[in-house]
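None of these values were measured; they are calculated from a predicted model. Below, read A as the first sequence line, B as the second, and so on, with proteins coming before strands; counting in each chain starts at 1.
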Number of protein chains: 2
Amino acid sequence: MLEKMKYCRSFEAGQTVIWAGDETSFVGSVVSGIATLTQTMEDGRSQMVGLLQPSDFVGRPGRDGAVFNVIAVSDLVMCCFRKKQFEDLVHSTPHIAQRLLEMTLDELDAAREWMLVLGRKNAREKIASLLSIFARRDASSSSNAREGRLEFDLPLTREAMANYLSLTLETVSRQISVLKRDGVIQLQGKRHVIVPDLDRLLIEAGDDDDGGMIV
Amino acid sequence: MLEKMKYCRSFEAGQTVIWAGDETSFVGSVVSGIATLTQTMEDGRSQMVGLLQPSDFVGRPGRDGAVFNVIAVSDLVMCCFRKKQFEDLVHSTPHIAQRLLEMTLDELDAAREWMLVLGRKNAREKIASLLSIFARRDASSSSNAREGRLEFDLPLTREAMANYLSLTLETVSRQISVLKRDGVIQLQGKRHVIVPDLDRLLIEAGDDDDGGMIV
DNA sequence: CGACCGATTGACTTGTCTCAAATACGGTGG
DNA sequence: CCACCGTATTTGAGACAAGTCAATCGGTCG
């Protein structure tokens, strides 16, 4: 059913997919590439409030105007549905509403966890937290899971990272240099990151889930 | 149907309603009082990630463990349902899942808007933003809507405000003093706030929706 | 009255921002 | 293949907003 309705749209890096305030006629999900959800103030200050990766859902069934800007960070392919049709489908297919609810609850948890990052972590921990997100994503999807060692490409520029972490790009750059100096990460070029020890990175991020007590 | 299942629980101010990590056997909504959603780090730093007011929903159908602490800030009455029963109801009544989805989307928007507050606003704007939330809530529910003038009681201590805004309580106190000195607000005692001009407050908060350009 | 808790205020420290300059990188055209 | 350009990034020096530590004040409750 969804298959029949869907169509694809492509966006170039830097292109705005949805403007805050605009009426959107479609919902969809990311097929490939990365996009950001951004909130902006009148004086130009802006804050990234979400990072959209493949399989993430975009749009809000039952809502008219978008609240945030959606911007393609890399070249982006989305799989879209006309909103009206999609909403009808939600009404006629209870299972879909439940699935959407689950996804939205996950996003809400992620947003709230990010509030802790923004509010209470220092610059070094913020960078480590962001790197952890990329690392985890790659750890699950790729094959390079050799005993805690990981590598991946940063999908964001320093500026975009700064915007997500609520820092300046200078501070991002400095803290990446410090983490490199301290051996938490290694760099190949500006974008390719090697994490020799994922646990170490997680501890640096301040979420030492694994119970790594620093006595 | 819901009526038959519901039961009430009361909590005293300061009491923890739900511990992060615990399995919760109920979902519910706030009847009266205020509660906070709080995220904590191992070293004790914590960040409030949500403020629960009357009519707000608590709990996550389909999820086992809670992710955040829920703490009663004032005396609190909640109307609860056993989670299992509620989930069955969600499955059998499509309309409920749709309603929950809408509420969750609203919460997600609110969380993301708060990320802008945490990430990009300075202390003065943060305080003004928080006061705006209380003011708006009271403006809609009460009768004191005399030409932009409003008054209300702060439901939170300075410490709790600091925790929500990601500031220290000293900074909260100082900025409240400054807003008072500048005539943006007046205080009666420590908790009762008078807002002579709501538009002014909104401008101070940085979200000048009304287009109030400061040339 | 005295103890206690929340709030205010002050003096000093510090992490991050700001402004500025230098450097590396990727792509383009000769 | 190389020189050149624009953009992304790094690095430095100084400024400033908010944090920290500490003292005081005010109200409330036993």
Problem set entry | Result of checking A:Q188, A:R191, A:H192 against A:D153 for side-chain hydrogen bond (donor to acceptor under 3.5 Å, both in side chains) | A:H192

Problem set entry | Atom-to-atom span, NZ of B:K180 to C1' of C:dT9 - whole angstrom | 12 Å

For this session: Check the distance between C:dC25's C1' and A:H192's NE2 and give it to me in whole angstrom.
Result: 17 Å

Exercise. To the nearest Å, how far apart are B:L118 CG and D:dA18 C1'?
Worked result: 15 Å

For this session: Look at the side chain of B:K190 and decide which nucleotide, out of D:dA18, C:dT8, C:dA24, has an atom nearest to it.
Result: C:dT8

Exercise. Could A:E125 and B:R45 be called an ion pair, given the rule that one side-chain N must be under 4.0 Å from one carboxylate O?
Worked result: yes

For this session: Would you indicate which nucleotide in D:dC21, D:dT10, D:dA18 comes nearest to any side-chain atom of B:E170?
Result: D:dC21

Exercise. Atom CZ of B:R120 to atom C1' of D:dA17: distance rounded to whole Å?
Worked result: 15 Å

Exercise. Does A:S177 put a side-chain nitrogen or oxygen below 4.0 Å from OP1 or OP2 of D:dT10?
Worked result: no

For this session: Check every atom of D:dA18, D:dT10, C:dT16 against the side chain of A:N122 and return the nucleotide holding the closest atom.
Result: C:dT16

Problem set entry | B:E204/B:R200 ion pair, N-O < 4.0 Å | yes

Exercise. Which of the following nucleotides, C:dT16, C:dA7, D:dT11, is nearest to the side chain of B:R158?
Worked result: C:dA7

Exercise. Whole Å only: how far is the CG atom of B:L165 from the C1' atom of D:dG19?
Worked result: 15 Å

Exercise. Taking OP1 and OP2 of D:dG19, is either one under 4.0 Å from a side-chain nitrogen or oxygen of B:T171?
Worked result: yes

Problem set entry | Separation of atom CZ in A:R181 from atom P in D:dT10, rounded to whole Å | 14 Å

For this session: Return the value, rounded to whole Å, for the distance between atom CG of A:N163 and atom P of D:dA8.
Result: 14 Å

Problem set entry | Sole residue of B:T16, B:V17, B:L76 in side chain to side chain contact (heavy atoms under 4.5 Å, CB included) with B:V70 | B:V17

For this session: Among the candidates D:dT10, C:dT9, D:dG19, find the nucleotide nearest to the side-chain atoms of A:L187.
Result: D:dT10

Seminar exercise, completed: Between CG of B:L169 and P of D:dT24 the distance, given in whole Å, is 18 Å

Exercise. A:Y164 versus A:T36: any side-chain heavy-atom pair under 4.5 Å?
Worked result: no

Problem set entry | Among C:dT8, C:dT16, C:dT18, the one nearest A:Q175 by side-chain distance | C:dT16

For this session: Counting heavy atoms from C-beta on, name the nucleotide in D:dT10, C:dG10, C:dC17 closest to the side chain of B:R174.
Result: C:dG10

Seminar exercise, completed: By nearest-nucleotide position on DNA chain D, the 5'-leaning member of A:M161 and B:V172 is A:M161

For this session: Give one of base, sugar-phosphate or nothing for A:S173, where a contact means two heavy atoms less than 4.0 Å apart.
Result: base

Exercise. According to a strict under-4.0 Å criterion, is B:R191 in side-chain N/O contact with OP1 or OP2 of C:dA7?
Worked result: yes

